[in-house]
Enquirer: 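First, the structure itself, so that you have it in front of you.
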Amino acid sequence: MTNHGMTTIALNEQEKHTRKEQILEAFRFRHATKVFDADRKIPAEDFDFILETGRLSPSSFGYEPWKFVVLQNPAIREELKAVTWGAQGTLPTASHFLLILARSSEQVRHGSAYLDYMNREVLKLPEKAEEGRKAMFRDFQVRDFGLMEHPRQLEDWAAKQTYIALGNMMTSAAQIGIDSCPIEGFHKEKAEALLREHGILGDEFSLSVMAAFGYRVQEPREKIRRCADEVVKWV
Ligand SMILES: Cc1cc2nc3c(=O)[nH]c(=O)nc-3n(C[C@H](O)[C@H](O)[C@H](O)COP(=O)(O)O)c2cc1C
């Protein structure tokens with residue numbers, strides 16, 4: 001066991017039932033919270049827990065093409081509000097406001113220095129394995145997923161990975177009674193320019209999505225979802 005890994009999770013039927021109920025309760029509790037109680041702050045260790053579930057999220061090939069920036073500066077939040085129509089109520093009131101960055105197309109293109117760093121220093125692949133993986137990844141990007149026609153395709157591929165972390169962080173927040181709102185209601189070019197101006201966004205990243213966290217001030221309307229028959233198909 002390394003890195004706090006668990007080899008098994010053994011639950012009896014009762015424990016499993018309880019765990020499932022708690023998880024479903026969190027999924028029902030979570031809703032896209034439009035305004036937060038500006039006077040309530042999420043305790044630091046609770047927000048660290050949320051970030052940790054983002055960090056531990058899976059990503060394609062394990063390349064973790066993300067960075068999480070916690071934006072607490074009220075003046076910059078106010079500036080961002082002008083180009084973020086989807087966060088008018090949350091930018092000023094969120095206890096914690098997260099910018100989820102994705103690695104740029106250059107960074108995630110096969111053969112890049114970042115991918116070499118990931119293969120060698122993080123994934124610690126032996127030389128032979130690294131060669132094989134590099135060839136496999138190139139085939140994946142060029143042949144299987146056809147990601148090489150436009151740089152935006154590679155950027156979006158990286159951004160797709162960040163949404164896994166986003167989902168996990170919102171769910172883990174809900175499991176400890178913390179509200180959230182995912183946000184892609186922003187003008188990408190203008191928001192990125194603003195963040196670059198402030199030195200928050202470097203060339204190696206783009207702005208993928210945002211998420212606001214805090215505590216609700218009003219109860220949400222009833223959850224609306226299509227029925228399972230419409231969503232799930234067994235073949
Ligand atoms: C990727 C993503 C981006 C979203 N962007 C915004 C946004 O900019 N502003 C907003 O208020 N809600 C946003 N939402 C919230 C959705 O509108 C909401 O999740 C959906 O209507 C379902 O409602 P529920 O989350 O309350 O169950 C976004 C949701 C997702 C998943």
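Counting starts at 1 for both ligands and their atoms, in listed order. FYI, side chains are in, hydrogens and waters are out, and symmetry mates aren't considered; it's all heavy atoms of this structure.
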Enquirer: Is there any ring pair (Phe, Tyr, Trp, His ring centres under 6.0 Å) pair reaching into residues 198-235, and which pairs are they, with sequence neighbours excluded?
Expert: Phe47-Phe213
Enquirer: Does a salt bridge link Glu204 with Arg103, judged by any charged N lying under 4.0 Å from a carboxylate O?
Expert: no
Enquirer: Residues around ligand 1, heavy atom under 4.0 Å from any ligand atom, sorted by chain and number. Can you pull those?
Expert: Arg30, His31, Ala32, Lys34, Gly86, Tyr163, Cys181, Pro182, Ile183, Glu184, Gly185, Lys223, Arg225
Enquirer: Checking one residue: Phe27. Which other hydrophobic residues are in its cluster under the side-chain 4.5 Å linking rule?
Expert: Ile23
Enquirer: Under a 4.0 Å threshold between the charged nitrogen and the carboxylate oxygen, would Glu155 count as salt-bridged to Lys160?
Expert: no
Enquirer: Does anything in residues 70-85 pair up under salt bridge (Lys or Arg N to Asp or Glu O under 4.0 Å), and if so which pairs, sequence neighbours excluded?
Expert: none
Enquirer: Kindly state whether the ring of Phe140 and the ring of Phe61 have centres lying under 6.0 angstrom apart.
Expert: yes
